[in-house]
Amino acid sequence: FIYHVNKLIGNTNFITSVGNDNDGKNILSFLHEQNISQKYVITNDEKPTGKVTVKLNEKKVPEFNIEENTAYDFIKLSDSERDKLLTLDD
């Protein structure tokens, strides 16, 4: 989603957390390659990068399985980062 928003309007802020693992490093690399700001992407040394599995049921309706207790469940911003986001001050 952030990829498409960034392509449409540019200068996006992506707020998330990734694990300090191969998946997290791949995500950070992709964001860098696409010129998407990593300013609010936190690397979590204790939790893995989250994953979502999507399967189509017998009616071809997608069902999502979102892993819990992963990095994006523990996003931590400083007070100043939070204040900047709330005032849209870059």
Side-chain angles (χ1 to χ4, degrees):
F1 179 78
I2 194 70
Y3 170 82
H4 295 290
V5 172
N6 193 65
K7 290 294 182 188
L8 288 171
I9 64 172
N11 195 25
T12 55
N13 286 309
F14 188 33
I15 305 167
T16 193
S17 182
V18 296
N20 189 11
D21 51 27
N22 285 334
D23 290 332
K25 291 173 185 170
N26 288 337
I27 290 168
L28 294 174
S29 177
F30 176 79
L31 294 174
H32 177 74
E33 291 168 7
Q34 300 303 316
N35 295 315
I36 297 172
S37 173
Q38 299 171 49
K39 185 175 183 177
Y40 300 106
V41 179
I42 298 107
T43 299
N44 187 318
D45 292 328
E46 297 175 11
K47 301 292 181 183
T49 300
K51 295 181 183 179
V52 177
T53 305
V54 183
K55 292 184 180 181
L56 297 179
N57 66 18
E58 61 280 345
K59 295 182 180 180
K60 306 291 186 204
V61 175
E63 295 177 347
F64 301 88
N65 179 35
I66 302 171
E67 290 185 16
E68 296 180 2
N69 202 27
T70 60
Y72 52 59
D73 292 317
F74 300 92
I75 298 171
K76 295 178 185 174
L77 295 174
S78 70
D79 290 341
S80 63
E81 289 170 328
R82 238 184 325 262
D83 291 345
K84 282 183 183 180
L85 287 168
L86 291 173
T87 60
L88 300 178
D89 183 14
D90 205 14

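Computation of the quantities below employed the complete heavy-atom set of this structure, encompassing side-chain atoms and omitting hydrogens, waters and symmetry-equivalent molecules.
Every residue meeting the side chain to side chain donor-acceptor pair (under 3.5 Å) condition with Ser78, not counting sequence neighbours, appears here in chain and number order: Ser80, Glu81. Take Asn26 and apply the side chain to side chain donor-acceptor pair (under 3.5 Å) test, not counting sequence neighbours, and it matches no residue. For Lys76, there are no side chain to side chain donor-acceptor pair (under 3.5 Å) partners two or more places apart in sequence or in a different chain. For the side chain to side chain donor-acceptor pair (under 3.5 Å) test, residues two or more places apart in sequence or in another chain that qualify with Glu63 are Asn57.
Chaining together hydrophobic side chains whose heavy atoms lie under 4.5 Å apart places Ile66 alongside Val52, Val54, Phe64, Tyr72. Through side-chain heavy atoms spaced under 4.5 Å, either directly or across other Ile, Leu, Val, Met, Phe, Trp or Tyr residues, Val61 is tied to no other residue.
Here Asp45 contributes atom CG and Asn20 contributes atom CG; the two are 4.5 Å apart, rounded to the nearest 0.5 Å. The distance from atom CG of Asn69 to atom NZ of Lys47, rounded to the nearest 0.5 Å, is 3.5 Å. Rounding to the nearest 0.5 Å gives a distance of 11.0 Å between NZ of Lys39 and CG of Leu77. Rounded to the nearest 0.5 angstrom, Thr43 OG1 and Ile27 CD1 are separated by 10.0 Å.
Closest non-hydrogen pair, Val18 versus Gly24, comes out as CB-CA, 3.8 Å. Between Gly19 and Ala71, the closest heavy-atom pair is N-CB, 3.6 Å.
Look at Lys51 and Asp23 and you find a salt bridge, because one of the NZ, NE, NH1 or NH2 atoms lies within 4.0 Å of a carboxylate O, short of that distance.
Grouping the Ile, Leu, Val, Met, Phe, Trp and Tyr side chains by contacts below 4.5 angstrom, directly or via other members, places Phe74 apart from Ile42.
Within the 4.5 Å cutoff, the side chain of Asn44 has no heavy atoms near those of the Thr70 side chain.
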